[in-house]
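What's counted below: heavy atoms across the whole structure, side chains too, no hydrogens, waters or symmetry copies. In this chain, residues are counted from 1 in sequence order.
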Amino acid sequence: MEQRVQKEHMGGHLPTRLKGLDNALCGGIPFGVLTELVGPAGIGKTQLCLKLALLASLPTAYGGLGGRVIYIDVESKFSSKRMIEMGSKSFPDVFHTKGMAQEMAGRILVLQPASLSEFTKSLQQLKISLLQNQVKLLIIDSMAALISGEYGQGPARQHLLGWHISSIKSLAEFSRIPVVVTNQVRSQTRDEACQYSFQGQSREKAVEDHTGYDSHLVAALGIHWAHAVTIRLVLDSKSGKRFIKLAKSPISPPLAFPFNITSSGISLLNDDGIELTGPEINSIHCQGHSDIINFDGERFQ
């Protein structure tokens, strides 16, 4: 506890540059805890991760953290071309400075573990690396892709996941940096939605509210993982609109922000947010995202 108190002066936030979301989070993605991005494929999770990596490597004079980033790219979705596009559109003054784009790119270390065992070895080595290399952000995209298929279902898989939860939380607390982890979705059972309410309502009320609601998906990795994350951002699509929903936070109300994806990355359509109640804040709708196409004709993820 003494060591933790001594490190509190290093606490802070990584601003997302999404004004409404940053205000709701009291500054941005918090240091020292796990922040989860969950949603269906193609909704924009990796787009947000790329932008956060860009912001963490941005010089402090321009509002960034001026540090290194470790980006664990499980599904080979990292795109340096897309990141440069975001940077040149968002920060033209920085990217037009000779050598600055190359310098920032050199601060982002991309790891692509081929298996869960390889990832586990990387976790064991990361603690020293985080301190020695002035790392300011750790991204794991995606945790569910690493765990899926390992040991099938049941106690063995839960034990495996429990070890990784403890290790990642320990990394976040030890290093006092933001740790962002993406998660996938899966089909839910009939009454499962009530397990994922973080708003303190009763089980009976959750089931009552959920009857007739059209959500068909829930976050993968289960309830133990859901309780391990401090911030959960649900990226969702409904009625042709995309939303970032602040589904879990110890300090923020349950808000939903409509957004779209542009050449500069994710952009909020308004900064006020819509306050949601009941299971709707955690719901994930089963809708396609075929319209998410970038400006080079490649599909966003």
Side-chain angles (χ1 to χ4, degrees), residues 10-18 28-32 34-35 37 44-114 118-143 145-146 168 171-172 174-182 261-266 294-296 298 300-301:
M10 299 171 61
H13 297 82
L14 169 60
T16 66
R17 300 297 181 98
L18 304 175
I29 305 298
F31 291 5
L34 299 188
T35 296
L37 310 179
K45 302 186 297 295
T46 297
Q47 295 297 302
L48 184 51
C49 286
L50 291 174
K51 189 63 172 286
L52 292 175
L54 182 68
L55 292 168
S57 64
L58 193 70
T60 55
Y62 293 90
L65 298 183
R68 297 181 183 275
V69 176
I70 295 179
Y71 195 117
I72 300 178
D73 179 27
V74 180
E75 299 179 278
S76 301
K77 292 181 179 179
F78 182 90
S79 170
S80 55
K81 183 178 181 181
R82 173 62 177 143
M83 182 173 285
I84 291 172
E85 179 186 34
M86 284 185 184
S88 61
K89 295 291 184 179
S90 303
F91 312 105
D93 292 345
V94 180
F95 273 71
H96 292 161
T97 302
K98 185 177 180 181
M100 184 59 72
Q102 291 83 351
E103 180 181 337
M104 289 176 62
R107 295 175 184 166
I108 301 173
L109 173 63
V110 180
L111 304 177
Q112 294 182 320
E118 189 175 319
F119 171 72
T120 302
K121 291 179 181 178
S122 297
L123 274 184
Q124 294 169 340
Q125 298 168 355
L126 276 179
K127 184 174 287 189
I128 295 175
S129 181
L130 290 176
L131 292 181
Q132 289 182 342
N133 297 303
Q134 295 186 324
V135 174
K136 297 297 179 68
L137 173 64
L138 171 63
I139 294 174
I140 304 173
D141 185 17
S142 75
M143 191 66 198
L146 276 168
I168 297 169
L171 276 177
F174 170 80
S175 61
R176 305 302 299 171
I177 64 171
V179 176
V180 176
V181 182
T182 68
I261 301 177
T262 68
S263 58
S264 61
I266 285 180
N294 76 10
F295 302 93
D296 298 314
E298 299 174 354
F300 281 158
Q301 295 294 333

Are any side-chain N or O atoms of Asp73 and backbone N or O atoms of Leu111, one a donor and one an acceptor, separated by less than 3.5 Å? no
dist Lys77:NZ -> Asp141:CG (nearest 0.5 Å) comes out at 6.0 Å
At what distance, to the nearest 0.5 angstrom, does OG of Ser80 lie from CD of Glu85? 12.0 Å
Sequence neighbours left out, what passes side chain to side chain donor-acceptor pair (under 3.5 Å) with Thr35? Give chain and number order. none
Under the side-chain contact (heavy atoms from CB on, under 4.5 Å) criterion, do Phe174 and Leu126 qualify, and how do the steps go? CA-CA 11 Å; Phe174 170 80; Leu126 276 179; over 6 Å; no
Residues in side chain to side chain donor-acceptor pair (under 3.5 Å) contact with Thr97, at least two apart in sequence or another chain: none
Test side-chain contact (heavy atoms from CB on, under 4.5 Å) on Ser76 and Gln112; report intermediate values, then the result. CA-CA 7 Å; Ser76 301; Gln112 294 182 320; 3.7 Å; yes
Which residue pairs satisfy the ring pair (Phe, Tyr, Trp, His ring centres under 6.0 Å) criterion with at least one member in residues 87-108, sequence neighbours excluded? none
Distance-only, no hydrogens or angles: does the Lys51 side chain make a donor-acceptor pair with backbone N or O of Ser264 under 3.5 Å? yes
Quick one: side chain to side chain donor-acceptor pair (under 3.5 Å) partners of Arg17, sequence neighbours excluded? none
For Lys136 versus Pro178, what's the shortest heavy-atom pair and its separation? O-CD, 3.2 Å
Using the side chain to side chain contact (heavy atoms under 4.5 Å, CB included) criterion, which residues pair with Ala53? Sequence neighbours excluded. Val69, Tyr71, Met83, Ile108, Ile139
Sequence neighbours excluded, the answer for salt bridge (charged side-chain N to carboxylate O under 4.0 Å, His left out) partners of Glu118 is none
Test side-chain contact (heavy atoms from CB on, under 4.5 Å) on Ile168 and Val179 and set out the steps. CA-CA 8 Å; Ile168 297 169; Val179 176; 3.9 Å; yes
Looking at Pro59 and Val94, what are the two nearest heavy atoms and their distance? CD-CG1, 4.4 Å
Between Arg82 and Leu50 (side chain of the first, backbone of the second, donor and acceptor by atom type, cut-off under 3.5 Å), is there such a pair? no
Between Leu14 and Leu137, is a side-chain contact (heavy atoms from CB on, under 4.5 Å) present by the stated rule, with each step listed? CA-CA 9 Å; Leu14 169 60; Leu137 173 64; 4.1 Å; yes
What's the spacing between Ser142 OG and Glu75 CD if we round to 0.5 Å? 4.0 Å
My understanding is that only residues two or more places apart in sequence, or in another chain, count here; which of them pass side chain to side chain contact (heavy atoms under 4.5 Å, CB included) with Thr16? Leu18, Leu21, Asp22, Ile29, Leu52
Between Leu37 and Cys49, the two heavy atoms sitting closest are CD1-SG, 3.8 Å
Not counting sequence neighbours, which residues clear salt bridge (charged side-chain N to carboxylate O under 4.0 Å, His left out) with Arg107? List them please. Glu103
Could you measure the distance from the CZ atom of Arg176 to the CG atom of Leu171? Nearest 0.5 Å is fine. 13.0 Å
Please list, chain by chain and in numerical order, all residues satisfying side chain to side chain contact (heavy atoms under 4.5 Å, CB included) with Val135, sequence neighbours excluded. Arg68, Ile70, Leu130, Asn133, Ile177
Selection residues 56-67 - residue pairs positive for side chain to side chain donor-acceptor pair (under 3.5 Å), sequence neighbours left out: none
Quick check for you: to the nearest 0.5 Å, what is the distance between Met143 atom CE and Leu34 atom CG? 10.0 Å
Shortest non-hydrogen contact from Phe119 toward Ile140: CZ-CD1, 3.9 Å
